[in-house]
Amino acid sequence: MSSAATRTAGQDHLWSVDDHLEDILTTVRPLEPIELQLLDAQGCVLVEDVTVPVSLPPFDNSSMDGYAVRVADVAGASEEYPAVLTVVGDVAAGQAEQPYVGPGQAARIMTGAPLPPGAEAVVPVEWTDGGLGEGPVSGMRAHSASPEGSFGQVHVHRPAEARAHVRATGSDVKAGDRALEAGTVLGPPQIGLLAAIGRGTVRVRPRPRVVVLSTGSELVQPDEQLGTGQIYDSNSFALCAAARDAGAIAYRVGAVADDAETLRSTIEDQLVRADLLVTTGGVSVGAYDVVKEALSSVADEDEAGSGIDFRKLAMQPGKPQGFGSIGPDHTPLLALPGNPVSSYVSFELFVRPAIRTLMGLKDVHRPTTRATLSTDKALTSPEGRRQFLRGTYADGAVTPVGGAGSHLVAALAHADALIVVPEDATSVEPGAEVEVVLLG
């Protein structure tokens, strides 16, 4: 990259896709870790191992509604000769004190409640006559205390082995175990586990804040009336959604007109909330490509080490690209072409890996596979360019969708893969094996 201003590569020089991506990934650095509340940490990446401070479950508890019993008291129980036990009380979830279960006794117990002292197993309510009445727990007989302190009797019709229907202490995870390792992305199950072991905060790399700007005086916002020569701004919506899909917090800025000063001012205003800036449009050689002019103005005021390189890549679509950093914090900026397919393909190849790198993930790329080309005619590709065609992938085969045009948004909307035609190939025959980037 240049040291203090924008730089445009020579007209004849073409960067390879791999070299451009390497430049991006060696420049972008993971964000600094912070401590966040659990729900604020959703989607973030852990930066340290989390150890279990207390076993799960923390005590032996019942996995069924039923009766806590001694094994010897129900040995040989049957429908014809049930074991008749004296009920000494109820045990509910969260109950601090439990009745002692002695010989010939049972305690009515609810799912999740602690196994009371003296008890060795739980017999489900379905194995008893407890379902004959109505009680606080559906399907269990309500027992009322007798003057002697008894809660009546229960008939048990089946024997139970020791520890039957008992969730043992630490059967999920034990104190001292590693609950989650560094590098884990925190989704709902991971958030739930952290809460279950008593963690209210966690140290993570925050989700990157990505600002997306589209440029072009011809762009109109959806729901507005189109004028002559105008089109709706789709890039900023697609790329904002793509950034969120990649794990970022994305901010969409409405389309900016083809005016260098307006664009420069807009970019400067957005730096305060951006870990990464993405622009679309204005990076080719047209007379109204104002991104270069605007970024040159911003870079001239920056500290040493900032600047944007504008390049031509040996790829289709997406030949014109820009990359560098701007502002006092050297915020990374990727300038993408304006055609919808070009901008989206460029995002998948370059911006998504940058976002995943900022998050601190080890694997930043979309998965790839090899697939059989399912088509009636050969695919053609310009020599010396790596081409990315839209396709649908299923059962080891990939079918092209739409043509090669960089404006074909409808075809892109029906694709779930990119078919890669390498630089040294000018055609690919039906049935050939090709590399596929999976977008789903």
Side-chain angles (χ1 to χ4, degrees), residues 28-65 68 91-98 109-117 119 122 137 163 165-211 241-251 272-276 329 352-367:
V28 174
R29 292 288 182 267
L31 299 175
E32 289 298 315
I34 59 175
E35 192 83 11
L36 289 178
Q37 297 288 327
L38 287 189
L39 290 180
D40 294 331
Q42 182 174 356
C44 297
V45 177
L46 275 176
V47 296
E48 58 190 7
D49 292 348
V50 175
T51 302
V52 179
V54 59
S55 296
L56 288 183
F59 49 82
D60 291 353
N61 69 89
S62 177
S63 66
M64 304 284 287
D65 288 344
V91 186
Q95 184 173 315
E97 297 183 2
Q98 298 90 37
I109 192 168
M110 287 61 170
T111 301
L115 188 70
V122 173
V137 174
R163 312 294 293 175
H165 307 295
V166 174
R167 300 167 178 155
T169 302
S171 56
D172 191 355
V173 288
K174 293 181 174 60
D177 287 351
R178 183 171 62 182
L180 297 170
E181 64 180 10
T184 300
V185 179
L186 298 181
Q190 292 76 31
I191 296 292
L193 174 58
L194 290 168
I197 63 175
R199 287 291 295 263
T201 64
V202 67
R203 192 163 176 78
V204 297
R205 296 193 192 277
R207 294 168 62 196
R209 299 166 301 164
V210 177
V211 174
R244 292 175 180 175
D245 181 70
I249 299 171
Y251 302 106
V272 69
R273 64 171 181 174
D275 297 309
L276 176 68
D329 296 325
R352 182 183 173 90
I355 291 173
R356 310 283 281 179
T357 299
L358 288 168
M359 294 176 67
L361 290 166
K362 295 179 180 179
D363 187 3
V364 300
H365 303 288
R366 289 284 198 184

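Residue pairs meeting the side-chain hydrogen bond (donor to acceptor under 3.5 Å, both in side chains) criterion with at least one partner in residues 37-47, sequence neighbours excluded, are absent. Within the structure, no pair that satisfies the salt bridge (charged side-chain N to carboxylate O under 4.0 Å, His left out) test touches residues 184-196, not counting sequence neighbours. Among residues at least two apart or in separate chains, side-chain hydrogen bond (donor to acceptor under 3.5 Å, both in side chains) pairs with a member in residues 193-209 are Glu35-Thr201, Arg209-Asp275.
The side chain to side chain donor-acceptor pair (under 3.5 Å) check on Asp245 picks up Arg352, Arg366, with sequence neighbours excluded. Residues passing the side chain to side chain contact (heavy atoms under 4.5 Å, CB included) test with Val173 are Val52, Leu56, Asp177, sequence neighbours excluded. Listed by chain and residue number, nothing satisfies the salt bridge (charged side-chain N to carboxylate O under 4.0 Å, His left out) test with Asp172 (two or more places apart in sequence, or in another chain). Every residue two or more places apart in sequence or in another chain that forms a side chain to side chain donor-acceptor pair (under 3.5 Å) with Thr111 is listed here: Asp65. Every side chain to side chain contact (heavy atoms under 4.5 Å, CB included) that Pro114 has, sequence neighbours left out, goes to Phe59, Val91, Gln98. The side chain to side chain donor-acceptor pair (under 3.5 Å) check on Arg244 picks up nothing, with sequence neighbours excluded. With sequence neighbours excluded, the residues satisfying salt bridge (charged side-chain N to carboxylate O under 4.0 Å, His left out) with Glu181 are Arg178. A search for salt bridge (charged side-chain N to carboxylate O under 4.0 Å, His left out) contacts involving Arg163 returns Asp60, not counting sequence neighbours.
Using a distance-only test at 3.5 Å, with no hydrogens or angles considered, no donor-acceptor pair links the side chain of Arg356 to the main chain of His365.
The two residues Gly360 and Val45 come nearest to each other via the heavy atoms O-CG1, 4.3 Å. The two atoms that bring Ile109 and Ser62 nearest to each other are CD1-CB, 3.6 Å, heavy atoms only. The nearest pair of heavy atoms linking Cys44 to Leu36 is SG-CD1, 4.1 Å. When all heavy atoms of Leu31 and Pro208 are compared, the closest pair comes out as CD1-CA, 3.8 Å. The two residues Ser55 and Gly170 make their nearest non-hydrogen contact at CB-CA, 3.8 Å.
Atom-to-atom distance recorded for Ile355:CD1 and Leu361:CG is 11.0 Å, nearest 0.5 angstrom. With rounding to the nearest 0.5 Å, the separation of CD1 in Ile197 from OG1 in Thr51 is 8.0 Å. Rounding to the nearest 0.5 Å gives a distance of 8.0 Å between CG of Asp49 and OG1 of Thr184.
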Without placing hydrogens or testing angles, list every side-chain donor-acceptor pair under 3.5 Å for residues 185-193, not counting sequence neighbours.
{"residue": "Gln190", "atom": "OE1", "partner": "Gly187", "partner atom": "N", "Å": "2.8"}

